[in-house]
**Student:** 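Have a look at this one.
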Amino acid sequence: MGVRDEQKAATREKVLVAARDLFNDVGYEETTIRAIAERAGVSVGSVFTTFASKAEVLSHVMTHRLDELYAEFDRVIPVLRGSTTDRLCSIFAIHYAFETRRVKLFLAHIAASYNPSNEAGVTPYGRNPRLSQMLVDVLAEGVRKGEVRADLDLNLLVDTLKAAYAWNYRMAAAAGGDLPAAEMSAAMDRQIAVIAEGWKPR
Amino acid sequence: MSFVSVNIEQGAETPVKLTRRALAKQRTRERVLAAARRLFSERGYEGATIRDIAQAAGMSTGAVFASFADKSELFEEILTADYEVIYAQMTQAARTAKTVDEALLGLFGVAYSFHVEQLPLLRASISVSWTRSEAAERRARNDLKHIFKLIGVALQRAVDEGQLKKDIDAKLLAEIVWDVYVANYRRAVYDGWSVEALLARLSDQLKVIFAGARA
């Protein structure tokens, strides 16, 4: 990496950290690119040479955060115990616990992802290939262990589970962002149990 | 778990003879609503200010505030009007269906057909639903009960007719059905899915959701 690239990466990192804190503490709509630049200690121009828009900054903040989470998952997944259902419940519970640490940030990300006026570079809410893969792997393991029927479309099961997972955050939105992660996990556990009833071998 | 507001039971308004003043007021409201619908679709909820809307409607911001208390009231009125248009059709579609799957595909099919035609406004309404005020949230949740009632009726009929087991948790099933219905809009927004594609996916998801509940 050349000096220029290193500088660019450092600026990027500073911008993402400043934006993450401001979006969560002050609010996404309320935060300007200027405020992000000031907090990061960089020029407004250098923010714009790295990101096309505020919406894109938010998308990058979210993927950046998920990198941390999935690094942790790489450690956790091999030691997850219990049935297929238990493991799925654990994976979602960890996600809820992680995202509710900065719930306003997360809700802003969802809102921005649906905003009709948003610019290019925005990650759609719900498109999360690493989570999908993790869930497919757990279900495939369940098939091998005889806990999940072998004739099912696992991607379709994952799609349905993820929809329930994603929209349970509406509980947090409805509570004005102030909701313990455990309440969402509990709702998710019940939803998983209902869907699991259908994939049991009979 | 709502992203739209419905306000169906407003009660029948008694027909009154409109005075010239009332007519003028009515026309002003309609002009504001038309302009607001366009701007919310183009710029999203946050991006469209009352000032912009007033300008697009060719009037002062004061005139807009004479008809609507604030931007959120204006936005909700647009969504409510839309839901009043499709609610009767959704009810009808659910009522004439033979199975629970058909009933749900019928009623959500009406909604998909309607919203896919005006995706930008739908996006704005979903977007707002994640960050709106507590008062707006309460109104929307209260209003969404109508849709959940439709789902509940379809599930109950399926139990009565022996399609679904007697001991199902209908509330929980309705929640999951709603979740997949709404989550599928992402495919329309970002992947350009047609109404047919959305319904095909929903049909598969319903099979997954009901697999353990079939009698």
Side-chain angles (χ1 to χ4, degrees), chain A residues 27-30 55 103-104 106-118 122-128 149 152-178 187-200 202, chain B residues 1-3 39-48 118-134 137-138 140-141 144 165 168-169 171-173 175-187 189-191 201-202 204-214:
Chain A
Y28 173 72
E29 291 298 337
E30 293 78 2
V103 74
K104 276 182 71 183
F106 190 69
L107 298 180
H109 150 65
I110 308 171
S113 126
Y114 278 103
N115 192 328
S117 71
N118 68 23
V122 171
T123 315
Y125 175 53
R127 185 173 294 165
N128 185 340
R149 272 164 49 198
L152 299 175
D153 176 351
L154 299 186
N155 286 310
L156 181 63
L157 296 182
V158 165
D159 187 55
T160 309
L161 289 170
K162 275 178 67 186
Y165 160 70
W167 288 83
N168 279 340
Y169 282 105
R170 287 286 301 117
M171 295 167 68
D178 189 17
M188 188 69 208
D189 290 354
R190 288 193 295 275
Q191 290 159 340
I192 293 172
V194 163
I195 298 170
E197 199 55 43
W199 71 50
K200 281 199 300 205
R202 53 196 85 171
Chain B
M1 310 231 159
S2 73
F3 68 90
L39 287 181
F40 286 137
S41 300
E42 284 171 11
R43 305 179 188 177
Y45 179 75
E46 295 293 344
Q118 39 177 0
L119 265 188
L121 189 66
L122 175 88
R123 294 181 65 170
S125 73
I126 295 182
S127 180
V128 161
S129 77
W130 290 93
T131 48
R132 66 185 154 214
S133 73
E134 272 182 54
E137 176 69 28
R138 253 196 318 278
R141 284 174 83 76
L144 194 73
K165 289 178 190 161
I168 58 160
D169 184 338
K171 190 169 165 283
L172 189 55
L173 286 175
E175 266 174 30
I176 306 174
V177 167
W178 173 260
D179 290 346
V180 295
Y181 155 71
V182 185
N184 287 342
Y185 277 115
R186 166 166 71 87
R187 315 285 183 170
V189 168
Y190 282 98
D191 306 319
R201 173 59 62 91
L202 183 61
D204 289 342
Q205 290 160 328
L206 291 178
K207 290 190 185 104
V208 167
I209 296 165
F210 292 140
R214 307 260 189 215

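What you are looking at is a predicted structure, and each value in this text was computed from that prediction instead of being measured. Naming: A, B, ... by sequence-line order, numbering from 1 per chain.
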**Student:** Relative to chain B, which segment of A:Arg127 carries a heavy atom at a distance below 4.5 Å: side chain, backbone, both, or neither?
**Tutor:**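 For A:Arg127, heavy atoms of backbone and side chain both lie under 4.5 Å from chain B.
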**Student:** Provide the closest heavy-atom pair for A:Pro124 versus B:Arg186 in the form atom of the first, atom of the second, distance.
**Tutor:**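 Taking A:Pro124 first and B:Arg186 second, the nearest heavy atoms are CB-CD, 4.0 Å.
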**Student:** Just one of A:Leu152, A:Val158, A:Leu156 clears the side-chain contact (heavy atoms from CB on, under 4.5 Å) bar with B:Val208, so which one?
**Tutor:**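 Exactly one option meets the side-chain contact (heavy atoms from CB on, under 4.5 Å) with B:Val208, and it is A:Leu156.
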**Student:** When only pairs under 4.5 Å are counted, which of B:Val189, B:Asp204, B:Asn184 shares the most heavy-atom pairs with chain A?
**Tutor:**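 Of the candidates given, the most pairs with chain A belong to B:Asp204.
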**Student:** Supply the atom-to-atom distance A:Glu197 CD to B:Ile209 CD1, rounded to the nearest 0.5 angstrom.
**Tutor:**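 The distance works out to 14.5 Å.
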**Student:** So, A:Arg170 side chain and B:Asp179 main chain: donor-acceptor pair closer than 3.5 Å or not?
**Tutor:**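 Here the side-chain-to-backbone pair does not exist.
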**Student:** Can you name the nearest heavy-atom pair linking B:Ser127 to A:Ala112, along with the distance?
**Tutor:**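 For B:Ser127 versus A:Ala112, the nearest heavy atoms are OG-N, 4.4 Å.
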**Student:** Side chain, backbone, both or neither: which part of B:Leu119 has a non-hydrogen atom closer than 4.5 Å to chain A?
**Tutor:**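 Answer is neither: B:Leu119 stays 4.5 Å or more from chain A.
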**Student:** Can you tell me if CG on B:Asp191 sees more than 12 non-hydrogen neighbours from other groups inside 6.0 Å?
**Tutor:**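 Counting neighbours around CG of B:Asp191, more than 12 heavy atoms of other residues, nucleotides or ligands fall under 6.0 Å, so yes.
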**Student:** If the plane angle is over 60° it's perpendicular, under 30° parallel, otherwise tilted; pick one for B:Trp130 and A:Trp167.
**Tutor:**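 Because their plane-to-plane angle lies in the 30° to 60° range, the rings of B:Trp130 and A:Trp167 count as tilted.
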**Student:** How close do B:Gly44 and A:Asn115 get, heavy atom to heavy atom, and via which atoms?
**Tutor:**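 So the minimum-distance heavy-atom pair works out to CA-OD1, 3.5 Å.
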**Student:** Can A:Asp159 and B:Arg187 be counted as an ion pair, charged N to O under 4.0 angstrom?
**Tutor:**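 A salt bridge is present here (some side-chain N lies under 4.0 Å from a carboxylate O).
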**Student:** Quick one: which of A:Gly198, A:Ala172, A:Gly176 has the most heavy-atom pairs under 4.5 Å with chain B, could you say?
**Tutor:**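 Sorted descending by pairs with chain B, the first entry is A:Gly198.
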**Student:** Locate the shortest heavy-atom distance separating B:Ser129 from A:Ala173; write the atom from each residue and the value.
**Tutor:**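 Looking at all heavy atoms of both residues, the closest pair is O-CB, 4.3 Å.
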**Student:** Using a cut-off of under 4.5 Å on heavy-atom pairs, state which of A:Ile110, A:Ile195, A:Leu107, A:Val194 scores highest against chain B.
**Tutor:**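 With the most close heavy-atom pairs to chain B, the winner is A:Ile110.
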**Student:** Non-hydrogen atoms of chain B under 4.5 Å away: do they reach the side chain of A:Tyr169, the backbone, both or neither?
**Tutor:**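 Looking at A:Tyr169, backbone and side chain both touch chain B.
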**Student:** Out of B:Leu172, B:Thr131, B:Leu121, return the one with the most heavy atom pairs under 4.5 angstrom to chain A.
**Tutor:**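 So the answer, after comparing B:Leu172, B:Thr131, B:Leu121, is B:Leu172.
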**Student:** Taking every non-hydrogen pair under 4.5 Å, which of B:Gly212, B:Ala48, B:Ser41 racks up the most with chain A?
**Tutor:**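 Among the listed options, the one with the most contacts to chain A is B:Gly212.
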**Student:** Does atom CD of B:Glu134 have more than 12 heavy-atom neighbours from other groups under 6.0 Å away?
**Tutor:**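 No - once you tally the heavy atoms of other residues, nucleotides and ligands closer than 6.0 Å, there are 12 at most.
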**Student:** Chain B: which of A:Gly126, A:Ala108, A:Ala175 shares the most heavy-atom pairs with it under 4.5 Å?
**Tutor:**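 The residue among A:Gly126, A:Ala108, A:Ala175 with the greatest pair count is A:Gly126.
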**Student:** Which atom names give the shortest non-hydrogen contact between B:Glu137 and A:Ala174, and what distance separates them?
**Tutor:**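 Answer, listing the atom of B:Glu137 first, then A:Ala174: OE2-CB, 3.3 Å.
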**Student:** Which atoms of A:Ala166 come close to chain B, meaning under 4.5 Å heavy atom to heavy atom: side chain ones, backbone ones, both, or neither?
**Tutor:**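 For A:Ala166, the contact with chain B is made by the backbone alone.
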**Student:** Less than 4.5 Å to any heavy atom of chain A: does that hold for the side chain of B:Gln205, its backbone, both, or neither?
**Tutor:**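 Contact with chain A: backbone and side chain both.
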**Student:** Select one option (side chain, backbone, both, neither) describing which atoms of B:Phe210 are under 4.5 Å from chain A's heavy atoms.
**Tutor:**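 Neither part.
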**Student:** Begin from the C-alpha positions of B:Asp169 and A:Arg190 and carry the test salt bridge (Lys or Arg N to Asp or Glu O under 4.0 Å) through to its verdict.
**Tutor:** CA-CA 10 Å; B:Asp169 184 338; A:Arg190 288 193 295 275; 6.0 Å; no
